[in-house]
**Q** 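Here's a structure for you.
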Amino acid sequence: AWGKFHSQGLKINTFFEPEPQDLTPGVCVQNLVKIFAGGPKPAVDGMNLTFYEGQITAFLGHNGAGKTTTMSILTGLFPPTSGTVLVGGKDIQTHMDSIRQSLGMCPQYNILFNHLTVAEHILFYAQLKGRSRKEAVLEMEMMLEDIGLSHKRNEEAQNLSGGMQRKLSVAIAFVGEAKVVVLDEPTSGVDPYSRRSIWDLLLKYRSGRTIILSTHHMDEADILGDRVAIISQGKLFCSGSPVFLKNCFGSGFYLTLVRKMKNTQGRGECDSGDEAILADKTLTHWLACIICI
Ligand SMILES: Nc1ncnc2c1ncn2[C@@H]1O[C@H](COP(=O)(O)OP(=O)(O)OP(=O)(O)O)[C@@H](O)[C@H]1O
Ligand SMILES: [Mg+2]
């Protein structure tokens, strides 16, 4: 659909909601370019994008669009080829050390210490960010509760399930009162119930923070994202609130179907008789009518 829009020559500007004037920019990506050695084309290709304080910005894009590369540059993992990023008004090219003190990151692939326990991880990172031992213990207790890992507090990271490791990685990104929190696909491989607890954690900690969340889940972007930024081939393709994007791209019908079941009088069986066949035929007829509209 994106290609279609481009080939029809529609104005790209219509895909960008005007920037909010009443919010404080937390992270400003400015003309960012990243060309990897030997890469056929730039991984990030002249990107301009602002993430605001007090908001969760969902960062969407196909595989290889450049999400992780952008996030890695803004967290100082490697330098840009050109352009820069301002984090809290400070330039990553010159002030990365002080930026790191208020930055939290959950990488796409977990980086945990196999033999440290869940509690030890949180304590370690909280103290690394400058908390006293006492403050770190308090933060650890609260965080364990928030992410639902209290029962695993003394378990070594290597013995956690994949989803639990993911939750621990998300928790680590928030410790030490990080002001800018970058989460690269935090809910990948996480079951629906745990995904919900990560969402609750993000919403609880959103205030006063700039949260950047990459995801492939549209429902997640819709529910959590105050703004959504979609990138394609290293370029910003569109950005705005979920409502704005729905107005831009939304079309078609939402159809809710409720099928009346035969009264089975508590037998716990589904109707598979004539009535069900009749219902299916009626349904098929209705769908055919709708599609022909
Ligand atoms: N270290 C690297 N060396 C060379 N090329 C790289 C490197 N890292 C990423 N790339 C390339 O840069 C492009 C963007 O990759 P990136 O990992 O940023 O995408 P992504 O949007 O995070 O994708 P995904 O959704 O799969 O995680 C891809 O074409 C990828 O092959
Ligand atoms: Mg990625």
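Treat the numbers as computed from the prediction; the structure is a model and nothing was measured. The basis for the numbers below is simple: all heavy atoms, side chains too, and nothing from hydrogens, waters or symmetry mates. Numbering starts at 1 and runs along the sequence shown. We count ligands from 1, going down the list as the structure has it; atoms in each ligand are counted the same way.
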**Q** Is a salt bridge present between Glu120 and Arg153, judged by a nitrogen-to-oxygen distance below 4.0 Å?
**A**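 Salt bridge: no.
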**Q** Looking at atom 14 (C) of ligand 1, what's its closest protein heavy atom, distance included?
**A**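 Answer for atom 14 (C) of ligand 1: Gly64 O, 3.4 Å.
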**Q** Do Thr68 and Gln108 pair up side chain to side chain, a donor and an acceptor below 3.5 Å, judged on atom types alone?
**A** yes
**Q** Determine yes or no for a side-chain-to-main-chain donor-acceptor pair under 3.5 angstrom, with Glu220 supplying the side chain and Thr215 the backbone.
**A** no
**Q** Do the side chains of Phe78 and Thr69 get nearer than 4.5 Å, heavy atoms only?
**A**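 Yes, close enough: below the 4.5 Å cut-off.
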**Q** Quiz question: by atom type and distance under 3.5 Å, do the side chains of Asp184 and Tyr109 form a donor-acceptor pair?
**A**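 Distance-only check fails for Asp184 and Tyr109.
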**Q** Answer yes or no for atom 9 (C) of ligand 1: protein heavy atom present at a distance under 4.0 Å?
**A** yes
**Q** Strictly under 2.8 Å, is any N, O or S atom of Gln108 next to the Mg ion (ligand 2)?
**A**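 Looking at Gln108, which is the residue asked about, there is an N, O or S atom under 2.8 Å from the Mg ion (ligand 2).
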**Q** For Phe59 and Phe51, take the angle between the two ring planes, folded into 0 to 90°, and tell me which bin it lands in: parallel under 30, tilted 30 to 60, perpendicular over 60.
**A**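 Because their plane-to-plane angle is over 60°, the rings of Phe59 and Phe51 count as perpendicular.
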**Q** Within a distance of under 4.0 Å, is there any protein heavy atom near atom 22 (O) of ligand 1?
**A** yes
**Q** For ligand 1, which atoms sit closer than 4.0 Å to a heavy atom of His216?
**A**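 Listed by number with element, the hits are 25 (O).
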**Q** May I ask whether His62 has any heavy atom positioned less than 4.0 angstrom from an atom of ligand 1?
**A**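 Judged by the 4.0 Å heavy-atom criterion, His62 does count as contacting ligand 1.
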**Q** Closest non-hydrogen protein atom to atom 17 (O) of ligand 1, residue and atom name please, with distance?
**A**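 For this ligand atom, the closest protein heavy atom is Thr68 CB, 3.7 Å.
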**Q** Looking only at distance, does Ala65 have an N or O less than 3.5 Å from an N or O of ligand 1?
**A**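 In this structure, Ala65 places an N or O atom under 3.5 Å from an N or O of ligand 1.
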**Q** Cut-off 3.5 Å, side chains only: do Ser194 and Asp191 have a donor facing an acceptor?
**A**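 Short answer, yes.
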**Q** Has Thr68 got an N/O/S atom less than 2.8 Å from the Mg ion (ligand 2)?
**A** yes
**Q** Asn110 versus Arg166: any side-chain heavy-atom pair under 4.5 Å?
**A** yes
**Q** Should the heavy atoms of other residues, nucleotides or ligands under 6.0 Å from CD of Glu177 be counted, would the total exceed 12?
**A** no
**Q** Among the heavy atoms of Glu185, does any lie under 4.0 Å from an atom of ligand 1?
**A**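 Yes; Glu185 lies near enough to ligand 1 that a heavy-atom distance drops under 4.0 Å.
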**Q** Could you list which atoms of ligand 1 come closer than 4.0 Å to a heavy atom of Gly66?
**A**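 Answer, ordered by atom number: 14 (C), 18 (O), 19 (O), 20 (P), 21 (O).
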**Q** Assess Lys34 against Phe36: is NZ or CZ under 6.0 Å from the centre of the six-membered ring, and within 45 degrees of the ring's axis?
**A** yes
**Q** Specify the protein heavy atom at minimum distance from atom 24 (P) of ligand 1: its residue, its atom name, and the distance to 0.1 Å.
**A** Asn63 ND2, 3.6 Å
**Q** For ligand 1, find out whether one of its N or O atoms is nearer than 3.5 Å to an N or O atom of Ala43.
**A**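 In fact, backbone or side chain, Ala43 has no N or O that close.
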**Q** Nearest protein heavy atom to atom 18 (O) of ligand 1, by residue and atom, and its distance?
**A** Thr69 OG1, 2.5 Å
**Q** In this structure, does ligand 1 have an atom that sits under 4.0 Å from one of the heavy atoms of Gly61?
**A** no
**Q** In terms of residue, atom name and distance, what is the protein heavy atom nearest to atom 6 (C) of ligand 1?
**A**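 Residue, atom and distance for the closest contact: Phe36 CD1, 3.2 Å.
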**Q** Relative to ligand 1, is Gln108 under 4.0 angstrom through side chain, backbone, both or neither, heavy atoms considered?
**A** side chain
**Q** Any chain of hydrophobic side-chain contacts (each under 4.5 Å) joining Ile172 to Met164?
**A**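 Linked within one cluster.
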